[in-house]
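Below, all heavy atoms of this structure are taken into account, side chains as well, without hydrogens, waters or symmetry copies.
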2 protein chains.
Amino acid sequence: MVSIEQVLRDHQIRPTAIRLLMYRFLKDSQVALSLNDIESGFDQSERTTLYRTIKTFERKGLVHQVDDGTGVAKYALDKPANGKQSTQDLHLHFHCTNCNETTCLTEHKIPHISLPTGFIPEDMNLLIKGVCDKCSGQ
Amino acid sequence: MVSIEQVLRDHQIRPTAIRLLMYRFLKDSQVALSLNDIESGFDQSERTTLYRTIKTFERKGLVHQVDDGTGVAKYALDKPANGKQSTQDLHLHFHCTNCNETTCLTEHKIPHISLPTGFIPEDMNLLIKGVCDKCSGQ
DNA sequence: TAAAAACATGCAATCTGAGTGCATTATTGA
DNA sequence: TCAATAATGCACTCAGATTGCATGTTTTTA
Ligand SMILES: [Mn+2]
Ligand SMILES: [Mn+2]
Ligand SMILES: [Zn+2]
Ligand SMILES: [Zn+2]
């Protein structure tokens, strides 16, 4: 079990106060967070700094951006690459139209897709919209 | 073979000059178009009118909005529902990171996806990013 | 360890696309 | 023809994303 400080260092990120706080904040969240969500979670906070922090996390491979179709970027911590570095595990994302929360379904991978000749895939995003488990009451 | 005027009327849309022009413009395009793309395609044009026109088309079921992850909304004509009204044919979308064009792969449907208990799907979007046929030169 | 270099943070400001309010003009249809 | 209804133009607003620059910190290097 590694300290957050160490996790950051392992990703070439200097563990400053805000970074540690934001990491913990992201880690404690079950859903993907927008910059506004993050900002609301801090008392004193400069949104530019938060913005640059999340972008640093993204660039260094700590978080991934989630596009849930709302037009607002959200972010979620990458699953700690267990053992080997899976380039990127293309899991699906669920956006609840009721509570507006967006969840990473990390266990549900995107099935293989065949494309017309000439189209070379490099990345993909499968977004499901509907009602989440909390809202459906099931 | 129906006139564009008739198509619009069939969708409860008054066939004004701009609407006819925009319909033709969308029809002639092989790729999904942003509002800017559309605006550039017209000499005299008021972007608000174009905006409201495309939104009217969308509301009336003539076009669908395409979310290609760039943060800019694009639009494409719906395939003329051949015969029966398929509520919505969830085809996939391809966004070329080279030429920035977004294509509807209307023949490629989104495969069936299973979700965790409690998650009720209502809509979905499968976006593939990569290099398109024109850019890959294959 | 002191100065330089590299990086982080704050704050102001810009940019872009989306969307609305309202006055004006064009259509429709009684 | 007149009133009702819809379409269009133009001016604005708004939110989120992103950058420029000055200042504060940390890390390196000599
Ligand atoms: Mn995710
Ligand atoms: Mn499409
Ligand atoms: Zn929900
Ligand atoms: Zn291309």
Tell me which of A:R19 and B:G71 sits closer to the 5' end of DNA chain C, going by the nucleotide each one is nearest to. A:R19

Check [X] against [Y] and note the closest heavy-atom contact, atom names and distance.
{"X": "A:N98", "Y": "A:C135", "result": "OD1-SG, 3.1 Å"}
{"X": "B:S45", "Y": "B:L50", "result": "CB-CD1, 3.7 Å"}
{"X": "B:C96", "Y": "B:C132", "result": "SG-N, 3.4 Å"}
{"X": "A:D78", "Y": "A:V63", "result": "OD1-C, 3.5 Å"}

Take the angle between the ring planes of B:H64 and B:H93 and call it parallel below 30°, perpendicular above 60°, tilted in between. parallel

Touch check for A:R52, heavy atoms < 4.0 angstrom, all strands: base, sugar-phosphate only, or nothing?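 Base, at least one base heavy atom under 4.0 Å.
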
Residues 99-111 of chain B side chain polar contacts: donor-acceptor under 3.5 Å, at least two apart:
residue	atom	partner	partner atom	Å
B:N100	OD1	B:H95	NE2	2.9
B:E101	OE1	B:K134	NZ	3.0
B:T102	OG1	B:D68	OD2	2.5
B:T102	OG1	B:K74	NZ	3.3
B:K109	NZ	B:D89	OD2	3.1
B:K109	NZ	B:T106	O	2.7

Can you list the steps and then say if A:S34 with A:D37 is a side chain to side chain donor-acceptor pair (under 3.5 Å)? CA-CA 5 Å; A:S34 70; A:D37 295 336; 3.1 Å; yes

Please find the earliest and latest nucleotides of DNA chain D, in the 5' to 3' direction, that have an atom within less than 4.0 Å of any heavy atom of chain A. D:dG16 to D:dT27

Tell me, which pairs form a ring-ring contact (aromatic ring centres under 6.0 Å, His included) where one or both residues lie in residues 39-60 of chain B, sequence neighbours left out? B:F25-B:F42

Quick check against the 3.5 Å criterion: does B:S136 have a side-chain atom that pairs as donor or acceptor with the backbone of A:G118? yes

Scan residues 47-67 of chain B for pairs that pass salt bridge (Lys or Arg N to Asp or Glu O under 4.0 Å), counting only residues two or more places apart or in two chains. B:E39-B:R47, B:K55-B:E58

For DNA chain D, which residues in residues 29-50 of chain A have a heavy atom at a distance below 4.0 Å?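 Listed by number, they are A:N36, A:T48.
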
Can you tabulate the close N/O pairs, meaning under 3.5 Å, that link protein atoms to atoms of nucleotides 26-30 of chain C?
none

How close or far is atom P of C:dA6 from atom CD of A:Q12, stated in whole angstroms? 17 Å

Does B:Y51 put a side-chain nitrogen or oxygen below 4.0 Å from OP1 or OP2 of C:dG19? yes

